[in-house]
K.L.:
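Below is one structure. I have some questions about it.
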Amino acid sequence: MFRTVLTDRLQSAFTSAGILLPEGFVPTVGIASDTRFGDYQSNAAMTLAKQLKTNPRALAQQIVDKLEVSDLCEKVSIDGPGFLNFTLGGKALAQHLSLILKDDQAGVPKVSAPKRIVVDFSAPNIAKPMHVGHIRSTFIGDCLARVARLVGHTVITDNHIGDWGTQFGMILHGWKTILDHAALEKDPIQELVRVYKAINAETKTDPAVLDTCRQELVKLQQGNANNLEIWKQCVALSLDQLQTIYGKLDVHFDHYLGESYYNDKLAPLVESLQSSGIAELSEGAICVFFREVPELAEKPCLIRKSDGGFLYATTDLATIDYRIQEWQADEIWYVVGAPQELHFRQLFQVSKKRGQTVAMQHVAFGSILGQDGKMFKTRSGESVGLIEVLDEACERARAVVEEREGLTNDEKDQIATIIGIGAVKYAELSQHRMTDYKFSWDKMLALQGNTAPYLINAYVRTRSIFRKLEDNVELTQELVISEPAERALAMKLAQFAEASHDVLADHRPNLLASYLYELADTYHSFYEACPVLRAEGAVRNTRLTLCQTTSKVLKTGLGLLGIRTTERM
RNA sequence: GCGCCCGUAGCUCAGUGGAUAGAGCACCGGAUUUCUAAUCCGAUGGUCGCAGGUUCGAAUCCUGCCGGGCGCGCCA
C-alpha cells in the first residue's frame with residue numbers, strides 16, 4: 001500500500017535530517033485531493049513547522065533532501081504553503097498492478113496485529129418477519145466482517161437472535177387458542193404474526209387476556225414442558241425461514257446464539273455482580289450505578305427486575321462472558337441502531353468495572369424513517385417486509401434484463417437476482433451509517449446512477465473484452481502507460497488497498513462503496529477513451545492488463561460489500 | 001431538564017484540518033451501424049443552519065444559539 005510505504009519513508013527522512021519529532025507527532029501521507037499536484041500528498045511539514053515555529057517550506061526542503069523514494073516516485077515537489085506532493089513512477093505503478101493480479105487478496109495488505117473479533121449483527125426477532133429495518137445491521141455487519149477477514153483478522157460472526165422476548169406470552173396464548181395449523185404449515189411466520197397481532201389487539205381491550213399472556217410467559221420461563229415445546233417449534237420454524245432469506249442475501253453466520261442460550265447463566269451472573277459489590281439493590285430492582293461517571297451518574301443499568309425477571313443488559317453481559325471465555329475475543333463489534341447508544345455505554349461500563357479488557361465498539365447507525373419522517377415502527381403496520389423489497393428489486397432488474405439479447409431465461413433470472421439484491425445492498429452501504437433516511441422504493445431499487453448495476457456493468461465490460469480475445473494472451477509486466485485515462489485508472493486501482501483499510505478505521509462501508517464507484521467511473525471513461533482490442537503491441541497489452549486488474553478489484557471489492565458479480569448482463 | 005446524533009446544490013447524499021466543496025437524480029446540450037449505451041462528454045445549479053473563536057489554512061476542531069430526530073429504571 002503506497003500510503004504506508006511513503007509514510008515510512010517520510011518518517012525515515014525526518015530521522016536522517018536530524019529533526020526531532022515532538023511527542024505524539026506522526027507524519028501522515030494521504031491520497032492527493034487534487035491530482036494536478038500529484039498522487040499522494042503530505043502536510044507533515046506544515047503541521048510540524050507550526051509546532052517547531054519554523055518556516056514550513058524550508059522544513060519541507062530539509063525533508064525532501066533526505067527523502068529516498070526514487071524507486072517509487074518520478075517526482076516529489078513542494079507546493080503552496082508547504083505541501084509535499086508525490087507523483088508515482090510508471091514502474092512502481094506497474095509493479096503494484098502485477099501484485100494485485102497475482103495476490104490472493106488483490107494487493108490489500110494484512111494488518112500487523114491480527115485480532116479475534118466477534119461481529120454481532122442482524123439479530124432479528126423470532127416469530128416476526130424481517131423488515132427493511134433489518135437491512136442496516138445485516139448489510140453493514142456482513143460487510144465489516146468480510147473486510148476484517150480480508151485484512152487478516154480472525155472474525156466470528158454471531159447472530160444474537162431475539163428468541164426470548166416478552167412477546168412469547170402472547171404467541172403462546174394465541175398458539176393454544178386461535179392457531180390455524182394449515183396456515184402455519186404454509187407460511188409459518190405469517191401465521192405467527194397473525195396470531196401475535198390478534199392477541200396483541202385483544203390485550204388492548206381486555207385486561208384478562210393480558211394477564212393470561214403474562215402467566216403463559218412465566219410458565220415458559222419456569223420451564224413448563226408444554227410451553228417449552230411450543231417455543232421450540234416457533235424457533236425452529238422461524239430459523240428455517242431466516243436461513244432462506246440469509247441464503248438469498250448471501251449472508252452467513254458462524255453462530256446463531258440467541259438470547260435464550262444464556263438463560264441459565266443470568267441468575268449466577270447477577271449474584272456474582274451483587275456479591276462483588278458492583279451491583280446493588282435499588283427500589284426493588286438490582287442495578288449497577290456509575291457514580292464516578294458524571295453523564296451516567298443518574299442512569300443506572302438494571303440487571304434484575306423487582307419481580308426477579310432479567311433484562312436486556314443481563315443477557316448482554318452474559319454474552320460478553322461467553323465470547324471472552326469460549327472465543328477468546330479481543331474485540332466485539334455491535335452493529336446496532338443509534339437509539340441504543342446509552343444501553344451500550346452502560347454495558348461497556350459494567351464490563352470495565354468487572355475488569356474485562358475486551359475492546360467493545362457500538363457500530364451505531366441511523367434510522368430508516370417512514371414517509372412522515374418518523375421512526376419506522378414495526379407495530380405501525382406500515383413497515384415493509386424485507387422479502388417484498390428483495391422480490392420487487394429482482395423484478396425491476398428482470399424487466400431491464402429482459403430486453404437484452406443472447407441470454408437464456410435462466411441466465412436472465414440469475415442476473416436479475418444478482419443485480420436486484422446488489423442494488424438493495426448498495427443503496428444501504430453507499431450511505432454514511434449515521435445518516436437517517438426515509439424509506440423509498442425508488443432509492444432502494446434504483447438501477448441507474450451511483451448504484452450496484454453501474455458497478456456490475458463496469459465489471460461485465462471488463463469480462464466481455466476477454467471473451468472476444470483470441471487465444472491466450474500473455475500479459476507482460478512491461479506496461480506503457482501514456483494516456484491520461486490509463487494513468488488515472490492505474491492510480492485508482494492502486495488505491496484499493498487504502499480504501500479497504502479505511503473501512504475499518506471507523507467502521508464505514510460507504511468509504512469502500514464510494515471508492516468502487518469512482519473506480520467504475522474511471523474505468524468507464526477509460527473504456528470510452530482507449531480502445532483495447534483495436535490497439536496493438538505494448539499499448540494493447542497494457543490496456544488488457546488494466547482491464548484484467550480492474551476486473552479483479554471490482555469483483556473483490558463488490559465481494560467485500562457482499563455483492564455478487566455476473567459475467568454478462 | 002440532561003445526553004447522543006443530524007443540518008452541505010431543487011431532491012437524495014459524499015466529503016471530518018488542506019489547495020478552486022464533489023457525486024447521483026431531475027433539467028438542458030452533445031456522442032452510438034459499439035471492445036454490449038444499465039455507457040460516455042459537456043452545461044446549469046451551493047453566504048456548507050446562524051454567530052463568534054482557534055489556525056498559515058475550517059464544511060471539518062472549540063463555544064453559544066436556532067431547527068429536526070432519538071434516548072434518559074423495571075420492553076428488547
Side-chain angles (χ1 to χ4, degrees), chain A residues 30 32-34 36-37 41-43 46-47 49-50 56 79-83 85 123 125 162 164-167 259 282-287 294-313 315-316 336-343 345-346 364 366-367 369 373-375 397 400-401 403-406 419 430-432 434-438 440 442-443 446-458 460-462 464-469 506 510-511 513-514 517-518 520-521 524-535 543-544 547 568-569:
Chain A
S33 55
D34 190 330
R36 278 178 315 160
F37 298 112
Q41 67 182 39
S42 176
N43 56 14
M46 290 183 287
T47 322
K50 190 197 303 195
D79 302 292
F83 286 104
N85 287 309
N125 286 319
W164 200 254
T166 43
Q167 79 271 22
E259 292 162 352
S282 164
E283 297 173 34
I286 296 179
C287 13
E295 311 92 75
L296 294 178
E298 289 177 20
K299 301 188 195 321
C301 174
L302 273 72
I303 58 174
R304 204 184 78 183
K305 296 193 277 183
S306 44
D307 70 1
F310 301 110
L311 293 133
Y312 188 23
T315 311
D316 273 0
V336 180
Q340 299 191 42
E341 195 262 350
L342 178 60
H343 165 73
R345 278 181 68 185
Q346 293 176 331
S367 309
L369 308 173
K374 301 278 182 184
M375 289 284 280
V400 182
V401 178
E403 291 160 21
R404 315 298 288 192
E405 288 170 8
I419 290 174
S430 59
Q431 190 135 357
H432 189 297
M434 285 311 295
T435 313
D436 290 347
Y437 63 88
K438 287 185 186 176
S440 139
D442 286 339
K443 181 175 181 66
L447 302 176
Q448 307 284 332
N450 183 4
T451 62
Y454 181 85
L455 304 194
I456 295 172
N457 184 40
V460 166
R461 283 177 139 190
T462 64
S464 68
I465 284 177
F466 287 95
R467 267 198 306 280
K468 293 228 164 181
L469 198 58
D506 194 28
N510 74 304
L511 297 177
S514 45
Y517 174 72
E518 285 164 19
D521 186 43
H524 280 308
S525 298
F526 159 83
Y527 186 92
E528 299 286 333
C530 304
V532 178
L533 296 176
R534 272 177 272 137
R543 292 179 182 174
L544 279 170
C547 289
R568 301 162 188 265
M569 65 190 278

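A, B, ... follow the sequence lines: proteins, then strands. Residue 1 opens every chain. Model, not experiment: these values are computed from the prediction.
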K.L.:
Measuring only the C1' atom in each nucleotide, how far is B:G7 from B:A14? A whole number of Å is fine.
P.N.:
15 Å
K.L.:
The criterion is side-chain contact (heavy atoms from CB on, under 4.5 Å); which residues satisfy it with A:Ser282, sequence neighbours excluded?
P.N.:
A:Cys287, A:Phe289
K.L.:
With sequence neighbours left out, write down each residue that passes side-chain contact (heavy atoms from CB on, under 4.5 Å) with A:Ser514, or none if nothing qualifies.
P.N.:
none
K.L.:
If the C1' atom of B:U36 is compared with that of B:C40, how far apart are they to the nearest Å?
P.N.:
14 Å
K.L.:
Sticking with atom P, work out how far B:G24 lies from B:C48, rounded to a whole angstrom.
P.N.:
22 Å
K.L.:
Please tabulate, one pair per line, all N/O donor-acceptor pairs under 3.5 Å involving side-chain atoms of residues 298-309 of chain A, not counting sequence neighbours.
P.N.:
{"residue": "A:Asp307", "atom": "OD1", "partner": "A:Gly309", "partner atom": "N", "Å": "2.8"}

K.L.:
Dump the pairs, protein N or O against N or O of nucleotides 72-76 of chain B, anything under 3.5 Å, distances to one decimal.
P.N.:
{"residue": "B:C72", "atom": "O2'", "partner": "A:Lys299", "partner atom": "NZ", "Å": "3.3"}
{"residue": "B:G73", "atom": "O6", "partner": "A:Glu283", "partner atom": "OE2", "Å": "2.7"}
{"residue": "B:G73", "atom": "N1", "partner": "A:Ser282", "partner atom": "OG", "Å": "2.9"}
{"residue": "B:G73", "atom": "N2", "partner": "A:Ser282", "partner atom": "O", "Å": "3.1"}
{"residue": "B:C74", "atom": "O2", "partner": "A:Ser306", "partner atom": "N", "Å": "2.7"}
{"residue": "B:C74", "atom": "O2", "partner": "A:Ser306", "partner atom": "OG", "Å": "3.4"}
{"residue": "B:C74", "atom": "N3", "partner": "A:Ser306", "partner atom": "OG", "Å": "3.4"}
{"residue": "B:C74", "atom": "N4", "partner": "A:Glu283", "partner atom": "O", "Å": "2.6"}
{"residue": "B:C75", "atom": "OP2", "partner": "A:Lys305", "partner atom": "NZ", "Å": "2.9"}
{"residue": "B:C75", "atom": "O2'", "partner": "A:Thr166", "partner atom": "OG1", "Å": "3.1"}
{"residue": "B:A76", "atom": "OP2", "partner": "A:Tyr312", "partner atom": "N", "Å": "3.3"}
{"residue": "B:A76", "atom": "O3'", "partner": "A:Glu259", "partner atom": "OE1", "Å": "3.0"}
{"residue": "B:A76", "atom": "O3'", "partner": "A:Glu259", "partner atom": "OE2", "Å": "2.4"}

K.L.:
Look at the side chain of A:Arg543 and the backbone N and O of A:Ala535, then say whether any donor-acceptor pair between them is shorter than 3.5 Å.
P.N.:
no
K.L.:
Please identify each residue that fulfils side-chain hydrogen bond (donor to acceptor under 3.5 Å, both in side chains) with A:Arg36, with sequence neighbours left out.
P.N.:
A:Asp34
K.L.:
In whole angstrom, give me the gap between the C1' atoms of B:G10 and B:U54.
P.N.:
36 Å
K.L.:
Any idea which heavy atoms bring A:Trp164 and A:Glu259 closest together, and the distance?
P.N.:
N-OE1, 3.6 Å
K.L.:
Of the candidate nucleotides B:A14, B:C35, B:C40, which contains the atom at the shortest distance from the side chain of A:Tyr454?
P.N.:
B:C40
K.L.:
Tell me, please, which residues at least two apart from A:His432 pass side-chain hydrogen bond (donor to acceptor under 3.5 Å, both in side chains).
P.N.:
none
K.L.:
All N/O contacts under 3.5 Å from nucleotides 19-30 of chain B to the protein, with atom names and distances to one decimal?
P.N.:
{"residue": "B:A19", "atom": "N6", "partner": "A:Gln41", "partner atom": "OE1", "Å": "3.2"}
{"residue": "B:A19", "atom": "N6", "partner": "A:Asn85", "partner atom": "OD1", "Å": "2.8"}
{"residue": "B:A19", "atom": "N6", "partner": "A:Asn85", "partner atom": "ND2", "Å": "3.3"}
{"residue": "B:A19", "atom": "N1", "partner": "A:Asn85", "partner atom": "ND2", "Å": "3.4"}
{"residue": "B:U20", "atom": "O4", "partner": "A:Arg36", "partner atom": "NH1", "Å": "2.5"}
{"residue": "B:U20", "atom": "O4", "partner": "A:Arg36", "partner atom": "NH2", "Å": "3.3"}

K.L.:
Where each pair must be Watson-Crick or G-U wobble with both distances under 3.5 Å, what dot-bracket representation of RNA chain B is obtained, with crossing pairs in [ ] and other-strand partners as |?
P.N.:
(((((((..((((....[...))))..((((.......))))......(((((..]....))))))))))))....
K.L.:
On RNA chain B, nearest-nucleotide positions of A:Arg534 versus A:Lys50: which is more 5'?
P.N.:
A:Arg534
K.L.:
Is there a side-chain contact between A:His524 and A:Arg461 in this structure, where contact means two heavy atoms from C-beta onward sitting under 4.5 Å apart?
P.N.:
yes
K.L.:
For nucleotides 10-12 of chain B, give me every protein contact, N/O to N/O, under 3.5 Å, one pair per line with atom names.
P.N.:
{"residue": "B:U12", "atom": "O2'", "partner": "A:Lys443", "partner atom": "NZ", "Å": "2.8"}

K.L.:
Across the strands shown, which category fits A:Asn510 at heavy-atom distances under 4.0 angstrom: base, sugar-phosphate, nothing?
P.N.:
sugar-phosphate
K.L.:
Taking side-chain hydrogen bond (donor to acceptor under 3.5 Å, both in side chains) as the definition, give me every residue that meets it alongside A:Thr462, ordered by chain and number, with sequence neighbours left out.
P.N.:
A:Ser551
K.L.:
Regarding B:U36, can its base be found pairing with the side chain of A:Arg404 as donor and acceptor, where the two atoms are less than 3.5 Å apart?
P.N.:
yes
K.L.:
Who passes side-chain hydrogen bond (donor to acceptor under 3.5 Å, both in side chains) against A:Tyr517, sequence neighbours left out?
P.N.:
none
K.L.:
Taking A:Asp442's backbone N and O only, do any of them form a donor-acceptor pair with A:Ser440's side chain (distance below 3.5 Å, no angle check)?
P.N.:
yes
K.L.:
What's the separation between atom CG in A:Asp316 and atom CD in A:Gln346, rounded to the nearest 0.5 Å?
P.N.:
11.5 Å
K.L.:
Does any non-hydrogen side-chain atom of A:Leu511 lie less than 4.5 Å from one of A:Asp506?
P.N.:
no
K.L.:
Using atom P in both nucleotides, what's the gap between B:C50 and B:A58 to the nearest angstrom?
P.N.:
15 Å
K.L.:
Please name all residues satisfying side-chain contact (heavy atoms from CB on, under 4.5 Å) with A:Ala338, sequence neighbours left out, ordered by chain then number.
P.N.:
A:Ala364, A:Met434
K.L.:
Say we look at B:G73 and B:C11: how far apart would their C1' atoms be, to the nearest angstrom?
P.N.:
43 Å
K.L.:
If we take the C1' atom in both B:G64 and B:G71, what is their distance in whole Å?
P.N.:
24 Å
K.L.:
Taking atom C1' in both B:C6 and B:G49, what distance in whole Å separates the two?
P.N.:
11 Å
